[in-house]
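Below, chain A is the first sequence line, B the second, and so on; all start at residue 1. What you see is a predicted model; the values in this text were computed from it and never measured.
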Amino acid sequence: MNINNKKLLLILFITSLLLSTCGKHRQTHVCFFYWQQNFTLSSKQLKYLEKLNTDKLYLKFFDVDWDETVKDAVPLAKIHFKTGVPADIDIIPCVFITNRALEKITSHDIPLMAQRIVTLLKTLQNTYNINHLSKLQVDCDWTLSTKQKYFALLNQIKSLEGQLTLSATIRLHQVKYSDTTGIPPVDKGVLMFYNMADLDDIQTDNSIIDLSAGRDYLDDLPDYPLQIDIALPAFSWAVLLRFDKVTKLIHNVTLDMLEKMTQFEQIAKKRFKVKQSCYFNGYYLYKDDILRYEDVEMPVLREAAGMLASKIRNQDLNIIFFHLNTYLIEEYSYEELESIINRFH
Amino acid sequence: MKNWKVLSIVFISYLLILPVYNTYACGWVDFTMYYNLFDPTLLLTDEYSPLFYTTPLYSNHWIHGSSAQDDNVAEWARFLLINSPDNNIHAMIYDTTLEELEAAYNGNYRGSNKLLHYLIKNNRKEVLHYILFAKQCEKYCNIRDYWDEKPSDNGEVELIELGKTGSTESKSRFIRLRYAFQTVKLLHHYDRLRECILLYDEVIAPSGEDSIIKYWALDHKAGALLKLNKRAEGLYLFSRVFAACPSRRYSSFYSFDVATQQEWEQCLAYCKNNDEKATLYFLRAMDPSSVALEEIKSIYRLNPAAEYLNLLTVREINKLENELLKDELKDNYIIIRKSGGTHNYHKLLNYLKELKDFVNMVIKEKPIQQKAFWQICSAYLDFLSYNLKTARSTLNSISTVNSSYRRQINIIHTAIAASGLNTIDKKAENEIMTMLLNAYPENIANREITRYVLDSMRALYTKKKPFTYYYTGIYDLRCNPDQATIQQLFDLASQTQHTLFEKFLLLRMNAYFSGEYVFSAEVLMNKTDYMELKNSLLEMKAMLLLLADEIQEAIAIYASLPEKMRSERRFIDPFTTSIHDIIWDDYYDGKLISRFEFAKKLLELKTSIKKNPQNAHAYYLLGNAYYNITYFGKSWDLVGYFRSGSYYSGFTDCSRALNYYKKAFELSKDRELKAECCFLMAKCRQNMFDLEYNTEDYGYGYGSDKWKRYIRENEYWKAEELKHDKGYREYFKILKGAYSDTDYYRKVIKGCKYFKFYASRF
């Protein structure tokens, strides 16, 4: 065998070695969104986080929405810490900005909005003694008409806090149509792999997760020019249909709760009809209302993980479950969540 | 327990990103997609107008009104024994600064508020001290900037102590109450909740003072109870505030959110009488997505005379109207029934029937002088369900002298008539217009019923009449003018006899020019000329003739128009040219020209070419004119009234300009002019490229945004290469190859980035 052939063989050998090991050593971190205004962790939740070696919590610090009475963007639902945060868990503050707020403010107001967001974050962090501002996630489902302002806002936040690691949530359609929707000027993206079917369509069975719909959006994911973490759904809700139209979303609902209501009649696998007007989970429901229960079953979540694992390039991956509350730890054992994480290895 | 509420805020915001829909679920709508013919302002008093279904959510007197301040000022005036309206009280309470009040308390106030001077002079220390105290409290309680957190300097601690002292030791009962209110507010804001409640119970509740302040304080007590998880009591108290205190209705209304059956029953148990219970049902029914017939019936059982019943019934009817009377006609139940189509409104119609049965039951039970309101409701419900005959019969049986009710009756009659029309003729036109004028004799403009009548009739007209523009107005005709329609309208306007309907439509179009938008019965009967409309139609006709190169005919029409119309509107001179095409040039200070002058100049140039076919300059000027009147030029509005920012509208053909420039180029012996013509031809070709490839570069402003966008997106080279490859840069090639020694070349390579790029690349 001459020297060139040997070289070729060596190259082939090394290449195959690399290919065979590619993807096997992906680092994964189990994380959670915490989306409630009053922050408190029960001992059960703490244990749960411990078992999963959770090292990050994405905490919503506040929302920003437009207030028509004062004609300004205002912060809402500011976080209130009722208990402390475990020392070994990194808190990443999140700010949810409504598209409406971006539509209503002018481009001139962007620097002020950025300043206000950063100042309020720091105030809240100081008040509650949370680690200093080194990371921030912004959550906003921007549209074409608000893209420019939103991206300007992100740039402005970055310029105010140069050392900040800034991430932004990315919806599926923003991956698929990134040519028009644009790429947010952030360090990282978090792909929200949920809310993918048409909530308003009364024929929809599950608007939270529909893998046949979700699949269509993933082809462009490997080429998305940002490092991407994954957000997976671990929640449920009941969609209230009244006169054949979606009226409300009722949260923190389990199938068991619906089945136990004597005022309800189960009319399909996950559909219930109100036989007698009553209160349910904070809402007054009227006779003949329909409740469509939607949740995320483990097999679906596993399949989702499998679909995503092959599309993600990120070798140090945060998998963030939406969202940490009583329902999640009751419905999903930590072993089950571990099995989801393993799909990404 | 509150977690679901927080999530609701988050996920309702998710709903905000969905396309907005007017479903039965929505309460107030901020825009209409339906015909609102059932008018709460005609049927109800103003007291609860912010809760009308049709009141814009964020624009009502509970939010923007001054009733809270006015009520407070009125109490101060009574306390200080000031009889006349006195702005000084308002200014003293709401506008004076902390520094000024400190100075006033210390006796060295130098400002202009007469009341402060009076109080100082009369040694009303107690009053001055309280006003100062209240102003000091504002820093801790009154939200000025939602982005600020509450001060954490513990300043509220001392103020609370001062307030407690003032609420027990002040000489005046009026002042004691106010100290107590400010203190209750502070205690609530700083989560000293039990103290807040105690202070209210011990000082405010037993106070003999008749004051709205007690309710303002009760509002805070209710909030404190909620925070302490004594929800039923808190919610009950919010309902009391709502019922008794208009200036706190907004806050108490939004605070009322019963969450469980147990809470509801506990709230009811707190109620002392049926009226209080009725308020609870009313507040529950006010949820925007409620199916409020249930609450209406409950309230009726408690108190058949409750005012809430009328408001809730009108709301339910408006909700049904929103769903059934869509202005998207394919979804309009009346239109569907009329055409024999199918629909999905069965559930809604069942509900409508239940509501109607209730209304009819009430009619039977009411004494005759109170029936009219309910009869109107019943008639309208029949109308909505397409029982037109029954509706009409009910309306005819109503006996009332209430003029607002009569108007509503006339509106419904008109709607019934319009819905029942199957063919249209002059008699029908006059009849329907008479009914419309009966409903609004003072002015039928901008009325929902007018819109309904016009839309109902539109479907019945054939293409004989130019109704597109009748309905949408002259503006749309100006955006898309065509000779046939212009002539039809002109002929119609020139007739000596018109039906009332024709008159109305002609007047509406004429109003665009005359500014007279009152269409009263008197105007419709008496006004007979439409000169402004006719002249504008002639001007449009002339414009189209110009574009069709029938210049002499155009000139004849312009000459026939009034002098003011011929010469008043002036436009940027199209016979000059520039490197950059600037649309909407606010800084232009050059020559202006009228349409008439333009037409004459065009004719003059064309005539000169006929006489002297070698006149290169004349061709050059014609090239400039025909370029600048295109969509791409600075004088586009010489031949148009509308230029779109989102598509290539109007006159876009650059080939005429191109041909004139070509002739100028060929004939001219002046190298500078030749160089310029090359460039101008290249501009024409670039525009042709944009049209062909639909580049959507609708460039505005200075230097055009086209180039800026290219550079920003780093894609300019792709577009430029394509232009070159497709042969659109032939004149750049000539300019570069043969005229690089000219002054014009030097000017254009500096001024035009397209050419600069071309010259460096190809």
Side-chain angles (χ1 to χ4, degrees), chain A residues 35-38 60 63 65 67-78 96 98-100 112 115-117 119-120 123-124 127 139 141 143 195 198-200 235 237 240-253 277-284 286-289 323 325-326, chain B residues 1-19 21-26 30 56-59 62-64 143-149 152 250 257-264 284-285 287-295 319 323 344-348 350-351:
Chain A
W35 226 244
Q36 292 152 101
Q37 190 176 0
N38 292 314
K60 186 167 70 72
D63 303 329
D65 195 6
D67 188 321
E68 194 59 43
T69 57
V70 300
K71 301 249 184 272
D72 198 0
V74 300
L76 297 172
K78 295 179 208 171
F96 173 72
T98 65
N99 196 54
R100 174 170 66 178
L112 176 61
Q115 183 63 66
R116 281 169 158 176
I117 288 172
T119 303
L120 182 54
T123 304
L124 290 169
T127 303
D139 182 9
D141 189 8
T143 57
N195 294 343
D198 188 355
L199 176 73
D200 281 335
F235 64 92
W237 58 31
L240 175 62
L241 300 166
R242 183 169 289 162
F243 294 106
D244 293 332
K245 287 203 170 134
V246 171
T247 304
K248 289 185 205 297
L249 292 173
I250 303 177
H251 304 281
N252 288 337
V253 173
S277 298
C278 61
Y279 280 92
F280 176 69
N281 229 32
Y283 295 94
Y284 191 70
Y286 291 88
K287 185 174 172 295
D288 296 334
D289 282 348
H323 58 110
N325 62 358
T326 316
Chain B
M1 194 60 193
K2 294 206 180 185
N3 293 344
W4 60 264
K5 285 189 202 201
V6 171
L7 283 171
S8 305
I9 295 166
V10 173
F11 286 100
I12 292 298
S13 62
Y14 165 78
L15 280 180
L16 291 172
I17 66 167
L18 297 175
Y21 51 85
N22 278 326
T23 70
Y24 195 89
C26 287
D30 286 336
L57 180 59
Y58 297 110
S59 175
W62 285 0
I63 296 171
H64 296 299
I143 300 169
R144 297 259 183 247
D145 186 339
Y146 284 82
W147 291 91
D148 287 340
E149 288 290 275
S152 53
Y250 184 78
D257 61 341
V258 172
T260 67
Q261 188 64 33
Q262 187 183 25
E263 245 171 45
W264 175 252
R284 192 173 79 185
D287 182 297
S289 60
S290 68
V291 186
L293 180 57
E294 191 177 295
E295 283 82 8
K319 287 180 195 173
E323 291 302 312
N344 289 325
Y345 293 126
H346 307 283
K347 288 183 184 174
L348 277 172
N350 285 342
Y351 180 66

In terms of side-chain heavy atoms, does B:E294 have a donor or acceptor partner in A:Y284 at a distance below 3.5 Å? yes
The interface call for A:L124 against chain B, heavy-atom contacts under 4.5 Å, is side chain
What pair of heavy atoms forms the shortest contact from [X] to [Y], and how long is it?
X	Y	value
B:V291	A:F243	CG2-CE1, 3.9 Å
A:V74	B:W147	CA-NE1, 3.9 Å
A:C278	B:Q261	CA-OE1, 4.4 Å
A:T123	B:E149	CG2-CG, 3.6 Å

Gap between atom CZ of A:R116 and atom CG of B:D148 - 0.5 Å precision: 8.5 Å
First locate atom NZ of A:K245, then atom CG of B:N344, and finally report the distance between them rounded to the nearest 0.5 Å. 9.5 Å
Using a 4.5 angstrom heavy-atom cutoff, name the option from B:W264, B:Y345, B:Y146 with the most pairs to chain A. B:Y146
With a 4.5 Å cut-off on heavy-atom pairs, point out which of B:H346, B:R284, B:Q262 contacts chain A the most. B:R284
Just so I know, are the side chains of B:Y351 and A:D288 near enough to count as touching, which here means a heavy-atom distance under 4.5 Å? no
